[in-house]
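Working notes, structure below.
Side chains are part of it too, since the values below use all heavy atoms of this structure and drop only hydrogens, waters and symmetry mates. Naming: A, B, ... by sequence-line order, numbering from 1 per chain.
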Number of protein chains: 2
Amino acid sequence: MTRVLIVDDEPQLLRALRINLAARHYEVTLADDGGSALRQAAQFHPDVVVLDLGLPDIDGVEVVHGLRGWTSVPIIVLSGRAGSQDKIDALDAGADDYVTKPFDIEELLARIRAVTRRASPHETQPAQFRIGERTVDLAAKTVSGDVRLTPTEWRLLELLLRNPGRLISQRQMLAEVWGAGYAKETHYLRQYMAQLRRKLEPDPARPAHLITEPGMGYRFTP
Amino acid sequence: MTRVLIVDDEPQLLRALRINLAARHYEVTLADDGGSALRQAAQFHPDVVVLDLGLPDIDGVEVVHGLRGWTSVPIIVLSGRAGSQDKIDALDAGADDYVTKPFDIEELLARIRAVTRRASPHETQPAQFRIGERTVDLAAKTVSGDVRLTPTEWRLLELLLRNPGRLISQRQMLAEVWGAGYAKETHYLRQYMAQLRRKLEPDPARPAHLITEPGMGYRFTP
DNA sequence: CCGCATCTTGACGCTTTCTCTACGCCGCCG
DNA sequence: CGGCGGCGTAGAGAAAGCGTCAAGATGCGG
């Protein structure tokens, strides 16, 4: 299910979008200013952000910058301003599309489909991995042998499994799982990596697949 | 260099776009109908396609379908038709963006930047190097043959490998790896270069790729 | 309101990595 | 021939990073 974060300060627009998106089986979260938008994005991990430029607290372009600091989630900007320079600024800040108000809701939906289509070839990737005796299915969110993982554990494991053999820096793990601003909290990583190894590795004390690279990060070795 | 295929049947628009794009160091190819657009795309392998919907031979949406049959190159559709349904059809056919004529050339350029930015992490510089028997992958942070490097070793090696054949001064190495203020600590370099050679060179005593230039610095020779 | 699962936070011993000192080798020059 | 500077090697102590246990918050559903 595609997760959408909508950021706008007009309640009626929020409402209209939420209803339309929910009817099409999107999972929707709302925010009505820039600060809560950044917090929601870190917590909710949307697959696409619909962002109004005219927010009460922060300039919309700054919100784009804030998001781009740690995520490449597609961003569709809404704005009442039709000037070219506004569009150029937003797009160059990292937005993927720019829609001028008033807009047709069907057009916005088509643009959401367009950006998510491109950003999510996830669905074609293999979703099953073996770790020792266990089999992890990222799509079904299941682990063989009656093992259960918490949401945070899943996010962490998914990040590692989607990059087999590749080193993932501590910085990136903290940013993608906990959100920007957690770059220093490395003890979270130790905590949760230990948890994952206890649940998945045959010998948690001597991990064979969830490898530590001291001072750098972690790596999943198939 | 980014390669752009422009498809339109108005010669003056083709001309204007070609000039603007060439001035920004894009490599441009032109087509004035759907058939030649598909042929050009197959031959030229553009990084982005700018496609007018109103073509003399084939409907633009059909061109989108034709392209999507074998390539995921970003497509920006131009059109005089401002109706929502036209946009939806084009976007759902596989287009990435839809711009209504008349449009500002700077805005189109920003949209080209936006779609190519997203689609082109595959155009990154090669991250694999051979040193004797070993293969070093800077992106995955791996070395063939079960060799592991420490963070400092990686920083040093990366600096050398990203400048193949070029001499790197001791001063620059110390500044980039250890920070300003370490310009005199040349024994660090000796220490870590020895470590790298021991781990990477076939005969560490007689280095073939990580070369010392006495009194100057070091050099990576492929 | 309570209990449970999950997320945070703190403390401690252990391992890896970094930093620094010592010493031998070699070519250069007086 | 002997001192000197730059380089390579080895090793020890200091510092940083890691794994683990355990206990305090927090949030959610009953």
Side-chain angles (χ1 to χ4, degrees), chain A residues 29 39-40 42-45 141 143 146-157 160 167-174 176-179 181-219, chain B residues 141 143 146-158 160 167-171 173-179 181-219:
Chain A
T29 304
R39 279 194 302 279
Q40 292 276 22
Q43 200 177 347
F44 177 66
H45 286 268
K141 291 275 185 292
V143 181
D146 201 35
V147 174
R148 285 170 24 84
L149 302 183
T150 72
T152 307
E153 286 164 6
W154 273 116
R155 285 217 290 272
L156 197 56
L157 184 62
L160 289 166
L167 176 88
I168 312 293
S169 72
Q170 304 178 345
R171 199 182 184 71
Q172 185 183 353
M173 295 171 82
L174 288 163
E176 295 210 14
V177 175
W178 281 270
Y182 285 74
K184 302 266 178 180
E185 315 288 336
T186 57
H187 57 283
Y188 284 14
L189 293 180
R190 297 204 293 279
Q191 181 66 35
Y192 278 90
M193 288 305 296
Q195 200 86 5
L196 284 176
R197 297 207 259 238
R198 260 197 298 278
K199 292 184 177 181
L200 301 174
E201 287 273 5
D203 181 1
R206 225 164 278 106
H209 302 92
L210 303 174
I211 309 295
T212 303
E213 299 282 352
M216 311 196 57
Y218 293 85
R219 179 199 310 277
Chain B
K141 293 277 187 293
V143 181
D146 202 36
V147 174
R148 292 185 48 247
L149 303 183
T150 71
T152 308
E153 286 163 6
W154 274 115
R155 284 210 294 274
L156 197 56
L157 183 62
E158 189 155 358
L160 290 166
L167 173 80
I168 313 291
S169 72
Q170 301 180 343
R171 188 174 207 77
M173 295 171 82
L174 287 163
E176 293 211 15
V177 175
W178 280 269
Y182 284 74
K184 302 271 179 180
E185 316 288 337
T186 57
H187 57 284
Y188 286 9
L189 292 180
R190 295 204 292 280
Q191 179 70 31
Y192 278 92
M193 288 304 297
Q195 200 84 5
L196 284 176
R197 297 207 258 240
R198 224 169 304 155
K199 292 184 177 181
L200 300 175
E201 288 274 7
D203 181 0
R206 224 163 281 108
H209 302 92
L210 303 173
I211 310 295
T212 303
E213 301 282 354
M216 316 262 304
Y218 293 84
R219 179 199 310 276

**Asked** Contact class for Arg148(A) vs. all strands (heavy atom < 4.0 Å): base, sugar-phosphate, or nothing?
**Response** sugar-phosphate

**Prompt:** Considering only side-chain heavy atoms of Arg190(B), which listed nucleotide, dT9(D), dG19(D), dT20(D), is closest?
**Reply:** dT9(D)

**Asked** CZ of Arg197(B) versus P of dA10(D): gap in Å, rounded?
**Response** 13 Å

**Asked** Just by distance, do the side chain of Arg219(A) and the backbone of Glu213(A) share a donor-acceptor pair under 3.5 Å?
**Response** no

**Request:** Please report the closest heavy-atom contact between Met216(A) and Pro151(B), naming both atoms and the distance.
**Result:** CG-CG, 3.5 Å

**Item:** Under-4.0 Å side-chain N/O to phosphate OP1/OP2 contact, Tyr192(B) with dT17(C)
**Value:** no

**Item:** Of the listed nucleotides dT8(C), dT20(D), dA10(D), the one nearest the side chain of Arg198(B)
**Value:** dA10(D)

**Request:** Determine the contact category for Tyr218(B): base if any of its heavy atoms lies under 4.0 Å from a base atom, sugar-phosphate if only primed atoms, P, OP1 or OP2 are that close, otherwise nothing.
**Result:** sugar-phosphate

**Request:** Report which part of the nucleic acid Gln170(B) touches: base, sugar-phosphate, or nothing (heavy-atom distance under 4.0 Å, all strands).
**Result:** sugar-phosphate

**Request:** Give Gln191(B) one of three labels, base, sugar-phosphate or nothing, depending on what nucleic acid heavy atoms sit under 4.0 Å from its own.
**Result:** base

**Request:** Measure the distance from CG on Leu156(B) to C1' on dT17(C) and round it to the nearest whole Å.
**Result:** 15 Å

**Request:** Remember a base hit wins even if backbone is also touched, and classify Thr152(A) as base, sugar-phosphate or nothing at under 4.0 Å, heavy atoms.
**Result:** sugar-phosphate

**Request:** Would you mind reading off the distance between Leu210(A) atom CG and dT20(D) atom P, rounded to a whole angstrom?
**Result:** 12 Å

**Complete:** Side-chain atoms of Trp178(B) come closest, of dT6(C), dT19(C), dT8(C), to dT19(C)

**Message:** Check whether Glu201(A) reaches the backbone of His209(A) with its side chain - one donor and one acceptor, N or O, closer than 3.5 Å.
**Reply:** yes

**Prompt:** Base, sugar-phosphate, or nothing for Thr212(B), non-hydrogen atoms under 4.0 angstrom?
**Reply:** sugar-phosphate

**Asked** Do Leu157(A) and Tyr192(A) pass the side chain to side chain contact (heavy atoms under 4.5 Å, CB included) test, and can you show the C-alpha distance, the side-chain angles, and the key distance before you say yes or no?
**Response** CA-CA 10 Å; Leu157(A) 184 62; Tyr192(A) 278 90; over 6 Å; no

**Prompt:** Does Thr186(B) put a side-chain nitrogen or oxygen below 4.0 Å from OP1 or OP2 of dG6(D)?
**Reply:** no

**Request:** Measure from CZ on Arg155(A) to P on dT6(C) and round the result to the nearest Å.
**Result:** 14 Å

**Nucleotide dT16(C), atom C1' - distance to CE of Met216(A) in whole Å** = 14 Å

**Request:** Quickly work out the His187(A) NE2 to dC12(C) P distance and round it to whole Å.
**Result:** 16 Å

**Message:** Quick check for you: to the nearest 0.5 Å, what is the distance between Lys184(B) atom NZ and Gln170(B) atom CD?
**Reply:** 11.0 Å

**Request:** May I have the distance from Glu185(A) (atom CD) to dC7(C) (atom C1'), rounded to whole angstrom?
**Result:** 13 Å

**Complete:** In whole angstroms, the gap separating P of dC18(C) from CG of Leu174(B) amounts to 15 Å

